[in-house]
Amino acid sequence: MASNGRTNLDDNVVVIGLGRFGGQVADSLLRLGHEVLGIDESPKIVQQWGDRLTHVAQADSTDNDALRQLGVHEFKRAVVGIGTDIEASVLTVLALTELGITEIWAKAISAKHGKILSSVGANHVIYPEAVMGERVAHLITSKMIDFIEFDEGFAIAKVRAPKDTAGRSLADIGLRKRHGITVIAVRPPDGSFIFAEALTLVPPGSKLIVAGTPKQVQAFAATT
């Protein structure tokens, strides 16, 4: 459990709500080398994370005093993974704002929920269900192996290299001229990654990591 003597390090992150979304964020932060203070109101969930997180505590995240006792005010960044309990989600973001947290990432389950979170201090609102739903829809309706849309008008996809590219260089293939997409990397069948250059060869059976507009990458995937 955190104490009032916690050092204020920018690399440390507090994650409130250790359900599926918050837990995945906390676990990923740990693997990236960050210290994480996890907070959840459920004793069972806190016990589950007790041996995994740097610090974990059971607390009411809407209570400013409880958060201050845990040293949350010493953190620069916080993630609020509470989704289904909208009132608790909003009040938690408000409490973090009042404690002076400068970067607050909060999960929202609807556009209205997201607007409220932004209005009470969330700097970044995340819609994990919507993002995943759109991603899956793209994968279902195309030949793409994976797809991520970073912003409107820009996407990265993993696709199978067309058969006519086998053994040829990217310069010779000319995918940007033909399809408007940019090849970022080539992944041969052995699983390695080769960052794309003009003379990079495409081994038979490779996959390509390409970037472009969603329409461009989906149209290119249709040719594979």
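We're numbering straight along the sequence, starting at 1.
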Take Ser42 and Asp40, measure what side chain to side chain donor-acceptor pair (under 3.5 Å) needs, and give me the verdict at the end.
CA-CA 5 Å; Ser42 167; Asp40 200 284; 4.5 Å; no
Locate the shortest heavy-atom distance separating Phe147 from Ala155; write the atom from each residue and the value.
CE1-CB, 3.6 Å
To the closest 0.5 Å, what do you measure between OG1 (Thr97) and CG (Leu99)?
8.5 Å
Side chain to side chain, Val14 and Leu67, heavy atoms closer than 4.5 Å
no
Any side-chain heavy atom of Ile184 within less than 4.5 Å of one from Ile156?
yes
Can you find a pair of side-chain heavy atoms, one from Thr224 and one from Leu208, that are under 4.5 Å apart?
no
Of all the heavy-atom pairs spanning Ser169 and Leu201, show the shortest one and how long it is.
N-CD2, 3.7 Å
Got a sec: does the CG of Asp51 have more than 12 other heavy atoms crowding it under 6.0 Å?
no
CA sep, side-chain torsions, deciding dist, call: Glu197, Thr200, side chain to side chain contact (heavy atoms under 4.5 Å, CB included)
CA-CA 5 Å; Glu197 297 180 2; Thr200 300; 3.6 Å; yes
Measure the shortest side-chain to side-chain distance between Glu87 and Asp85 over non-hydrogen atoms and say whether it is less than 4.5 angstrom.
yes
Among Val36, Val15, Leu96, find the residue that satisfies the side-chain contact (heavy atoms from CB on, under 4.5 Å) test when tested with Val79.
Val15
Nearest atoms (heavy-atom pairs only) where Tyr127 meets Gly114:
OH-CA, 3.4 Å
Candidates His73, Gln69, Glu98 - the one meeting side-chain hydrogen bond (donor to acceptor under 3.5 Å, both in side chains) with Asn64
Glu98
Audit row: Arg31, Ser28, side chain to side chain donor-acceptor pair (under 3.5 Å) steps and yes/no
CA-CA 5 Å; Arg31 287 189 279 106; Ser28 296; 3.2 Å; yes
Does any non-hydrogen side-chain atom of Val217 lie less than 4.5 Å from one of Val159?
no
What pair of heavy atoms forms the shortest contact from Ser89 to Val80, and how long is it?
O-CG1, 4.3 Å
